[in-house]
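Proteins get letters first, then strands, A, B, ... in listed order; numbering begins at 1 in each. Basis for what follows: all heavy atoms, side chains included, without hydrogens, waters or symmetry-related copies. Note that the structure is a prediction, hence the values are computed from the model and not measured.
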Amino acid sequence: MSRFWKPGSEKPSTLLVDDEEGGVVFLPSTSSASSSGFGYASLERQRQRLPVYKYRKAILYLVERHGTTIVVGETGSGKSTQIPQYLKEAGWADGGRLIGCTQPRRLAVQTVASRVAEEAGVKLGEEVGYTIRFEDQTNPGMTMIKFLTDGVLIREMMEDPLLTKYSVIMVDEAHERSISTDMLLGLLKKIQRRRPELRLIISSATIEARSMSTFFNIRRKNSSLGSSDDLPSPEPAILSVEGKGYTVEIHYVEEPVSDYLQAAVNTVLLIHEKEPPGDILVFLTGQDDIDAAVKLLNEEIQHLGRHYLDLVILPLYSGLPRGDQDLIFAPTSKGKRKVVLSTNIAETSLTLEGVVYVVDSGFSKQKCYNPISDIESLVVAPISKASARQRAGRAGRVRPGKCFRLYTEEYYLNEMQSEGIPEMQRSNLVSCIIQLKALGIDNILGFDWPASPSPEAMIRALEVLFSLGILDEDAKLTVPVGFQVAEIPLDPMISKMILSANDFGCSDEILTIASFLSVQSVWVSVRGVRKEFDEAKLRFAAAEGDHVTFLNIYKGFHQSGKSSQWCYKNFLNYQALKKVIDIRGQLLRIVKGFGIPLKSCDRDMQAVRKAIIAGSFANACHLEEYSQNGMYKTIRTSQEVYIHPSSVLFRVNPKWVIYQSLVSTDKHYMRNVIAIEPSWLTEAAPHFFQFRTPNPDLH
DNA sequence: CTTTGCACA
């Protein structure tokens with residue numbers, strides 16, 4: 001394999017300092033970024049103006065010399081678009097090899113890829129391509145730089161466990177610590193032990209760099225003289241690249257606030273009164289909070305009079321209909337000031353231009369998982385310093401800004417956690433563990449994770465997979481069910497349901513149901529038209545429950561010719577239904593590959609319900625005998641649960657139900673519920689129910 | 001009487 005950067009031939013001009021932990025740090029050099037600009041296209045000049053440009057040589061030097069390079073770069077440094085191009089220019093894609101760059105989100109993959117293709121002056125999908133679910137814009141044999149989501153790269157490992165096509169893999173936004181990023185980091189470390197020539201670039205925030213470096217520091221055996229000539233150093237290097245953001249002045253409250261909603265509203269009004277023009281972004285916790293704050297603000301404005309009517313108040317959260325989201329991105333008309341009240345979506349996933357002021361409540365909703373009850377819940381919790389910094393940074397994108405924190409400086413300095421808990425340690429692990437199993441990782445408890453989940457959570461996941469017949473007594477994937485489930489990109493319970501549908505002759509219906517279960521909600525939540533909305537829902541409601549209701553919606557959508565007008569009239573989310581169709585198509589292809597034919601059971605909804613039970617028997621619940629308020633108890637753990645108000649079975653309260661998921665806020669709510677007969681449970685999973693205390697209702 | 005938001009050949 002040829003090397004393209006010749007160590008020693010051109011020393012980087014930046015200052016090199018040994019890190020006390022064995023890494024290497026380049027300190028920012030003072031040399032000017034702009035070299036002679038004559039004859040360059042404007043895109044080329046733009047590339048050179050990015051902060052990352054003056055580190056070009058340093059980056060190539062480090063990647064050549066180190067197995068892993070950690071790039072600490074703030075937003076706007078240009079690292080995501082530039083580093084892959086530097087690598088390509090230095091020859092890392094020669095000889096048919098690939099430079100891979102992962103992103104945690106599909107949208108980021110698409111935008112970064114098209115930007116890079118534009119800069120390189122090539123057609124997207126040729127030298128520069130991308131792969132996300134449902135969309136492969138690459139050309140094997142031609143593509144040199146490939147952008148992809150973390151999840152897609154993990155899937156690629158199932159075909160090619162050592163990712164032999166790649167010479168370098170850059171993991172972008174690794175500090176977000178999503179489950180798939182963490183899994184990917186663990187797997188890449190493992191691959192690097194077998195392929196020391198593989199180079200990794202981990203892009204991270206300042207706070208996480210040190211722990212990333214420790215994680216990737218591989219003590220290679222039998223190398224008494226350090227790294228050999230051919231192989232890079234196993235010690236990671238850390239490189240810092242400054243961002244392009246403007247300074248943000250931080251303000252704290254002097255006394256802790258008792259009501260952060262009211263405090264947020266007051267702060268917005270104060271900013272509008274005292275500060276020069278510029279939009280305001282307020283971070284709150286959820287839809288509830290946001291709607292309440294919108295109402296509060298509007299009331300105050302009515303009282304305060306004319307000057308305050310210049311405020312344009314907009315809510316922002318993922319569940320918002322498309323049209324409302326477009327308002328957020330529309331430029332503010334002259335003399336008006338936009339106030340966006342947002343969830344965490346504006347922290348990482350969306351960027352709003354024109355924001356100069358940020359109001360940070362200090363809270364967000366966070367997932368948390370209890371492996372004993374096997375319940376995931378959402379709780380309002382204090383954010384980390386890393387989050388607080390990210391939020392503040394949103395004020396400095398167009399010019400110097402201000403951030404108003406609704407907590408004291410003392411709290412920030414002494415009590416706030418510096419990093420959040422990685423999602424891996426707050427989640428149910430079934431999907432994660434089955435993927436590792438499919439990659440041949442037998443010793444799950446011994447897997448080297450960037451942040452190890454609790455043994456309880458791992459054991460719980462193994463138990464669930466065992467009860468579904470996906471793992472055997474030796475915790476190996478069963479043949480064929482276990483391997484097939486691993487190949488289906490869904491929650492294993494739903495995958496199992498799909499495979500079981502074959503036994504009940506209803507694969508057609510179950511594929512539709514599984515696809516609906518994979519989208520957040522197909523309904524459009526519209527406030528103020530409660531009655532019409534409920535009527536629309538009733539048109540599709542099935543007595544059996546939500547799953548059968550989905551079948552009715554699917555039929556209606558098809559009969560309408562997949563019309564968006566039809567969706568609008570029925571309060572259905574057109575985008576979500578199109579996604580259902582996409583997912584169904586993918587699932588059908590996979591299932592056909594297993595030799596399972598598409599078969600409909602026509603009107604036999606008993607068959608459909610039995611197939612659902614085959615996957616979700618562990619979620620069986622029984623209505624409490626004397627319950628006045630619709631209280632159910634789970635069969636497995638006697639947990640108190642209620643039917644979610646969005647379910648067609650809300651207030652119907654059948655005696656026995658199965659739920660697809662629990663949402664836990666003030667109570668545990670069952671979402672996507674179907675009525676069942678108790679005898680079907682013992683029929684479907686005798687091993688699971690035989691040791692339970694006898695229940696008179698079962699006979 | 002109601003969830004944060006990403007993602008998976």
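- Applying the side-chain hydrogen bond (donor to acceptor under 3.5 Å, both in side chains) rule to pairs touching residues 480-495 of chain A yields nothing, sequence neighbours excluded.
- Counting to the nearest Å, the P atom of B:dA7 and the CZ atom of A:Arg155 are 15 Å from each other.
- Separating the CD atom of A:Gln366 from the C1' atom of B:dC6 is a distance of 15 Å, rounded to the nearest angstrom.
- As a whole-Å value, the separation of A:Lys667 NZ from B:dT2 C1' is 11 Å.
- Within the nucleic acid shown, A:Gln586 comes within 4.0 Å of sugar-phosphate atoms alone, with no base atom in reach, counting heavy atoms only.
- For A:Glu347 against B:dG5, a side-chain-to-base donor-acceptor contact under 3.5 Å is absent.
- One interatomic measurement links the two molecules: CD of A:Glu159 to P of B:dC8, which rounds to 17 Å at whole-angstrom precision.
- Checking A:Arg589 against A:Ser178, the closest nucleotide of DNA chain B that is more toward the 5' end is the one next to A:Ser178.
- Among the atoms of the strands shown, only primed sugar atoms or phosphate atoms (P, OP1, OP2) are found under 4.0 Å from some heavy atom of A:Arg105.
- In the set B:dC1, B:dT2, B:dT4, the nucleotide with an atom closest to the side chain of A:Arg651 is B:dC1.
- A:Ser349 comes within contact range of the sugar-phosphate backbone alone, with a heavy-atom separation under 4.0 Å but no base atom that close.
- A:Leu662 has its CG atom 16 Å from the P atom of B:dT4, to the nearest Å.
- Looking at heavy-atom distances under 4.0 Å, A:Tyr642 makes no contact with the nucleic acid at all.
- Residue A:Thr149 is classed as a sugar-phosphate contact, given heavy-atom separations below 4.0 Å to backbone atoms only.
- Counting only heavy atoms from C-beta on, A:Tyr669 has its side chain closest to B:dC1 among B:dC1, B:dT4, B:dA9.
- Look at CG on A:Asp172: it is 16 Å from C1' on B:dA7, rounded to the nearest Å.
- In this structure, A:Thr343 reaches the sugar-phosphate backbone alone: every heavy-atom distance under 4.0 Å involves primed, P, OP1 or OP2 atoms, never a base.
- Within the 4.0 Å cut-off from OP1 or OP2 of B:dC8, at least one side-chain nitrogen or oxygen of A:Arg106 is found.
- Toward the 5' end of DNA chain B, the nearer of the two residues A:Pro645 and A:Ile590, judged by each one's closest nucleotide, is A:Pro645.
- When the nucleotides B:dT4, B:dC8, B:dG5 are ranked by their closest atom to the side chain of A:Gln287, B:dT4 comes out on top.
- Between A:Phe571 and A:Phe533, the ring planes are perpendicular. Angles over 60° get that label, and only those under 30° would be called parallel.
- Every residue two or more places apart in sequence or in another chain that forms a side chain to side chain donor-acceptor pair (under 3.5 Å) with A:Ser427 is listed here: A:Lys367.
- The distance between the ring centers of A:Phe147 and A:Tyr130 does not fall below 6.0 angstrom.
- Between A:Asp172 and A:Lys79, at least one side-chain nitrogen of the basic residue sits less than 4.0 Å from a carboxylate oxygen of the acidic one, meeting the salt-bridge criterion.
- Regarding A:Glu176, its CD atom lies at a distance of 19 Å from the P atom of B:dT4, rounded to whole Å.
- We find that CE of A:Met157 is positioned 15 Å from C1' of B:dA9, with the value rounded to whole Å.
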Practice item. Take A:Arg105 and A:Glu176, measure what salt bridge (Lys or Arg N to Asp or Glu O under 4.0 Å) needs, and give me the verdict at the end. Key: CA-CA 11 Å; A:Arg105 280 170 289 280; A:Glu176 285 186 27; 2.9 Å; yes

